[in-house]
Protein chains: 2
Amino acid sequence: MQLSQADRNILRSVQRDSSLSMADLGALVGLSPSACHRRLRALEERGLVKGYRAVLGQRELGLVMHFFIEVSLVSQSEPVLEAFESAVRAIPEILECHLMAGQSDYILRVVCEDAPAFERLHRDLVARLPGVARVHSNMSIREVKPLAGYPV
Amino acid sequence: MQLSQADRNILRSVQRDSSLSMADLGALVGLSPSACHRRLRALEERGLVKGYRAVLGQRELGLVMHFFIEVSLVSQSEPVLEAFESAVRAIPEILECHLMAGQSDYILRVVCEDAPAFERLHRDLVARLPGVARVHSNMSIREVKPLAGYPV
DNA sequence: CCTGAAAACCATAGCCG
DNA sequence: CGGCTATGGTTTTCAGG
């Protein structure tokens with residue numbers, strides 16, 4: 001399960017921009033288009049490339065507010081966790097959810113249009129998720145470094 | 001700056017999978033390939049589509065640990081913030097950084113291979129970022145809902 | 001704004017170093 | 001494994017409704 005330097009270069013490139021043609025990708029990493037293509041296919045099959053996605057403009061979508069919400073549950077029993085987690089997965093406004101070590105809290109990431117939208121989101125969706133004991137919202141003032149993929 | 005239902009459908013599709021051909025995309029949203037293509041181009045020009053990226057496998061890269069690190073600085077003066085932020089942007093292991101409201105803290109997201117790698121990352125990179133007063137690390141035990149784009 | 005066809009381009013497979 | 005070549009499909013453009 002090792003990665004050659006060529007594979008690393010390919011991963012870095014497609015992680016930054018997957019719209020390059022094999023010819024351009026090859027020029028960047030110093031390989032022919034067909035060599036690139038073969039390696040990229042192999043990387044997909046090994047699971048190192050899971051898919052391809054368009055990155056949308058958050059501001060342009062009008063989703064200018066960004067929150068990290070810490071949630072504690074009333075209990076850590078399996079049914080409570082599962083009910084919470086499936087509810088979270090079903091809500092598109094919740095972009096992301098992690099179960100955290102420590103206080104057995106969750107962190108949710110949500111975006112919304114404006115303060116009223118956040119109030120609705122908070123009151124009608126997050127606070128009403130099953131098993132929620134406490135909610136603490138943290139607002140991002142500014143995205144200092146946007147998520148752009150893993151170091152490879 | 002309005003989005004038609006067709007545009008929304010296109011955005012949803014390419015956000016989920018940008019490797020679809022225009023023919024497949026057209027079949028999904030009920031348009032001809034050329035109509036899809038023109039709309040998608042327009043969405044790119046309006047900034048609603050910012051780019052295309054490959055999604056890499058975190059586990060397959062060996063980056064199995066995932067942290068959210070809260071950082072407080074010694075001061076909120078402009079030069080201190082700027083020094084911190086440029087240092088953050090230069091470190092690939094720091095995937096993401098937000099300036100947070102409230103205690104004027106930052107949140108960093110980092111990934112690494114194992115506990116020793118995290119110790120190095122914490123001690124040699126994060127704790128030595130310019131202007132850092134306090135650091136508090138929170139480990140994700142499990143990604144309950146992986147980030148998969150905005151609601152549109 | 002859409003469709004449909006034509007042109008350019010590109011991914012992909014086979015074959016040879 | 002990498003490069004080259006051939007081919008089939010896809011993007012991209014354009015005329016016309």
Checklist outcome for this item: B/S/- along nucleotides 11-17 of chain C (protein heavy atoms under 4.0 Å) is SSBB---

Checklist entry - By ring pair (Phe, Tyr, Trp, His ring centres under 6.0 Å), which residues pair with A/H37, not counting sequence neighbours? => result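 With neighbours one apart ignored, the set is empty.
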
Checklist entry - Mind checking what makes ring pair (Phe, Tyr, Trp, His ring centres under 6.0 Å) contact with A/F84, not counting sequence neighbours? => result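 Checked A/F84 against ring pair (Phe, Tyr, Trp, His ring centres under 6.0 Å); matches are A/Y106.
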
In whole angstrom, give the distance that lies between atom [atom1] of [X] and atom [atom2] of [N].
X	N	atom1	atom2	answer
B/Q2	C/dC1	CD	P	13 Å
B/L40	C/dC2	CG	P	13 Å
A/L43	D/dC1	CG	P	12 Å

Checklist entry - Rounded to the nearest 0.5 Å, how far does CG of B/L108 lie from CD1 of B/I94? => result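 Here the rounded value is 5.0 Å.
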
Checklist entry - Restricting to pairs with a member in residues 86-101 of chain A, which pass salt bridge (Lys or Arg N to Asp or Glu O under 4.0 Å), not counting sequence neighbours? => result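 Checked against salt bridge (Lys or Arg N to Asp or Glu O under 4.0 Å) - neighbours excluded - the pairs reaching residues 86-101 of chain A are A/E85-A/R89, A/E96-A/R109, A/E96-B/R109.
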
N/O-N/O pairs, protein side and nucleotides 6-9 of chain D side, under 3.5 Å:
none

Next on the checklist: Can you list everything that forms a side-chain hydrogen bond (donor to acceptor under 3.5 Å, both in side chains) with B/R134? Sequence neighbours excluded, please.
Outcome noted: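 With sequence neighbours excluded, B/R134 shows a side-chain hydrogen bond (donor to acceptor under 3.5 Å, both in side chains) to B/S72, given in chain and number order.
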
Next on the checklist: Run the side-chain hydrogen bond (donor to acceptor under 3.5 Å, both in side chains) test against B/R12 and tell me which residues pass, sequence neighbours left out.
Outcome noted: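 Partners of B/R12 by the side-chain hydrogen bond (donor to acceptor under 3.5 Å, both in side chains) criterion, ordered by chain and then number, come out as B/N9.
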
Item to check | Non-neighbouring partners of B/E119 that pass salt bridge (charged side-chain N to carboxylate O under 4.0 Å, His left out), sequence neighbours left out | outcome: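 B/R123.
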
Checklist entry - Taking ILVMFWY side chains as joined if any heavy atoms are under 4.5 angstrom apart, and letting links pass through other members, which residues group with A/F68? => result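 A/M100, A/I107, B/F68, B/M100, B/I107, which link up through side-chain heavy atoms under 4.5 Å apart, make up the rest of the cluster.
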
Quick one: side chains of residues 50-57 of chain B, donor-acceptor pairs under 3.5 Å with protein atoms, not counting sequence neighbours, listed by atom name and distance.
residue : atom : partner : partner atom : Å
B/Y52   : OH   : B/E44   : OE2          : 2.6
B/R53   : NH2  : A/L147  : O            : 3.0

Checklist entry - Which residues pass the side-chain contact (heavy atoms from CB on, under 4.5 Å) test with A/M65, sequence neighbours left out? => result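 If we apply the side-chain contact (heavy atoms from CB on, under 4.5 Å) test to A/M65, skipping adjacent residues, the hits are A/F67, A/C112, A/M139.
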
Item to check | Residues in contact with DNA chain C, drawn from residues 3-18 of chain A - heavy-atom cutoff 4.0 Å | outcome: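 Of all residues in residues 3-18 of chain A, none places a heavy atom under 4.0 Å from DNA chain C.
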
